Amino acid sequence: MDTKSYVNKLIENVKIKNPGETEFHATIKEVLTSLIPLLEKEPKYIEEGVLERIVEPERQIMFRVPWVDDNGKIQVNRGFRIEFNSAIGPYKGGLRFHPTVNLSIIKFLGFEQIFKNSLTGLPIGGGKGGSDFDPKGKSDREIMRFCQSFMNELYRHIGENTDVPAGDIGVGGREIGYLFGQYKKLKNSFDSGVLTGKGIPYGGSLARTEATGYGLVYFVDEMLKDKDLSFEGKTVVVSGSGNVATYAIQKVQELGGLVVACSDSTGYVYDENGINLNTLKEIKEVQRKRISEYTKYHYTAKFVEGSQNIWTIPCDIALPCATQNEINIDAAKTLVKNGVIAVGEGANMPSTLEAIDVFLENKVLFAPAKASNAGGVAVSALEMSQNSMRLAWSFEEVDERLKNIMKNIYNNSKNAAETYGFEGNLVVGSNIAGFKKVADAMLAQGII
Ligand code: NDP
């Protein structure tokens with residue numbers, strides 16, 4: 001059987017074995033298909049069954065999370081932790097609290113995380129977790145009780161050398177604090193390296209909060225520089241207004257770009273003068289309110305319902321930083337029609353496979369998530385290093401390391417793409433570069 005047929009058959013088998021898991025199927029298809037040029041040159045990965053092993057998580061944990069709301073009513077959510085691959089280090093990946101969370105989404109994120117973590121050059125394996133709990137509208141005490149109940153089960157599966165969770169959508173500093181507190185109480189041990197994204201007073205790293213957004217912009221900046229371009233004077237649209245979006249906006253502004261729009265799940269705001277970051281942070285980080293509030297502070301800005309419409313705004317650079325599948329084929333065509341020159345994925349899988357094809361066919365500079373948003377997990381790994389050394393680096397030191405890591409990821413992905421005949425295609429390049437290191441470690445460690 002030729003390599004392409006072998007890979008297609010494997011993709012079909014994954015679909016049969018994991019019915020209904022559409023997000024997981026999509027990522028398997030994206031990654032495995034782009035590995036074909038490598039597999040043709042190096043058949044050992046097929047002969048040793050690396051692909052069949054890598055698509056199967058090492059361990060999948062699902063559990064009940066019961067908690068009591070402020071009205072004394074019992075609520076039950078479902079918790080997940082997918083320990084996908086530990087070939088190059090302890091499982092590492094965020095926790096997502098969002099009503100849409102299900103097994104498929106956590107598996108897709110966990111699978112992507114394997115390669116993303118490998119690309120950082122740091123010793124971290126791949127994992128992901130979360131719950132279908134919706135933090136919106138919950139009181140602080142409800143969030144605390146939920147996090148404590150979640151940790152009552154999770155604690156037995158994690159550890160600084162085993163599995164190190166972090167934040168993701170719906171899990172920020174507040175949630176990590178409650179999770180860490182409960183872990184410490186249950187274990188009677190201050191294992192600071194067991195969670196990352198911690199507050200600075202108890203083992204967090206400076207620049208972790210900013211890392212994913214900053215890292216994304218550092219990556220896109222490298223990609224632009226390669227074409228003698230820069231952010232200076234460019235019009236930029238950023239979707240989302242959470243952690244990744246906020247710090248992407250901040251860095252773009254520092255580099256001279258004009259961010260004219262951002263969004264949340266209700267719609268987007270357009271401000272031709274440039275999004276005011278202080279207002280955005282006040283609304284989202286302090287008041288935890290809807291993005292439409294922005295127009296109360298800036299009368300010339302407008303709010304448009306329907307977050308999807310943000311991609312109709314003409315821009316030079318698009319940075320999707322909200323959620324998966326937010327750029328479909330139509331949105332991609334609109335962006336191209338409006339002259340977009342670069343798209344950098346801050347969120348995980350924000351572009352559908354069809355949308356990515358549109359960007360590549362039209363020679364748009366395209367930064368795929370697993371490479372361009374790896375800055376967050378990279379600084380998480382730096383947080384683990386600081387914890388184990390019982391040291392704290394300055395903001396500048398961490399930021400400098402982040403910058404270098406993003407530059408290396410860009411160069412490694414670019415070079416891998418060139419080596420295997422896909423010059424300029426960072427989707428193929430990042431998948432091959434990320435896969436090779438993990439696969440070689442798996443080969444060395446035997447059939448386990
Ligand atoms: P946050 O919870 O901080 O923010 C998510 C943002 O996206 C919110 O503004 C949310 O709006 C918005 N959003 C959610 N769904 C939609 C939608 N359908 N349309 C428009 N906006 C939407 O999460 P993060 O910023 O941490 O994560 C964003 C993305 O980045 C995710 O894909 C995550 O996996 C990825 N990522 C995050 C990393 C990190 O370090 N935080 C690291 C690597 C990747 P609302 O408040 O209305 O829900």
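Note that the structure is predicted; figures quoted are calculated from it, not measured. First listed ligand is number 1; within each ligand, the first listed atom is number 1.
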For [X] and ligand 1, does the shortest N/O to N/O distance drop below 3.5 Å?
{"X": "Thr323", "value": "no"}
{"X": "Gly167", "value": "no"}
{"X": "Thr212", "value": "yes"}
{"X": "Lys128", "value": "no"}
{"X": "Ser265", "value": "yes"}

Option among Glu58, His157, Glu83, Arg81 that satisfies the side chain to side chain donor-acceptor pair (under 3.5 Å) test with Tyr91: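 Testing Tyr91 for a side chain to side chain donor-acceptor pair (under 3.5 Å) against Glu58, His157, Glu83, Arg81 leaves exactly one candidate, Glu58.
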
Among all the protein's non-hydrogen atoms, which is closest to [atom], and how far away is it?
{"atom": "atom 4 (O) of ligand 1", "value": "Gly242 CA, 3.3 Å"}
{"atom": "atom 9 (O) of ligand 1", "value": "Ser241 N, 3.0 Å"}
{"atom": "atom 33 (C) of ligand 1", "value": "Asp168 OD1, 3.1 Å"}

Pairing of Lys17 and Glu56 as salt bridge, 4.0 angstrom limit: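 Glu56 and Lys17: salt-bridged.
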
Partners meeting ring-ring contact (aromatic ring centres under 6.0 Å, His included) with Phe366 (sequence neighbours left out):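 Per chain and number, Phe366 pairs via ring-ring contact (aromatic ring centres under 6.0 Å, His included) with Phe359.
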
Any Met349 heavy atom less than 4.0 Å from ligand 1: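 Contact check Met349 vs ligand 1: negative.
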
Per-residue contact class, [X] against ligand 1 - non-hydrogen pairs under 4.0 Å:
{"X": "Asn373", "answer": "both"}
{"X": "Gln308", "answer": "neither"}
{"X": "Cys321", "answer": "backbone"}
{"X": "Arg96", "answer": "side chain"}
{"X": "Ser307", "answer": "side chain"}
{"X": "Lys136", "answer": "side chain"}
{"X": "Glu210", "answer": "neither"}

Under 4.0 Å to a heavy atom of Gly170 - the qualifying atoms of ligand 1, by number: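 Those qualifying, in numeric order: 2 (O).
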
Side chain to side chain donor-acceptor pair (under 3.5 Å): pairs with one or both residues in residues 328-349, sequence neighbours excluded: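 Counting only pairs at least two positions apart or across chains, the side chain to side chain donor-acceptor pair (under 3.5 Å) contacts touching residues 328-349 are Lys116-Asn348, Glu345-Ser351, Asn348-Asn373.
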
Geometric class of the Tyr218/Tyr214 ring pair [parallel <30°, tilted 30-60°, perpendicular >60°]: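 Taking Tyr218 first and then Tyr214, their aromatic rings stand perpendicular (interplane angle over 60°).
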
Polar contact flag, side-chain donor to acceptor under 3.5 angstrom, Ser139-Asp70: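 Present: a donor and an acceptor within the cut-off.
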
Option of least heavy-atom distance to atom 5 (C) of ligand 1 (set: Gly130, Ala245, Ala322, Gly215):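 Going through Gly130, Ala245, Ala322, Gly215 one by one, Ala322 has the nearest heavy atom to atom 5 (C) of ligand 1.
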
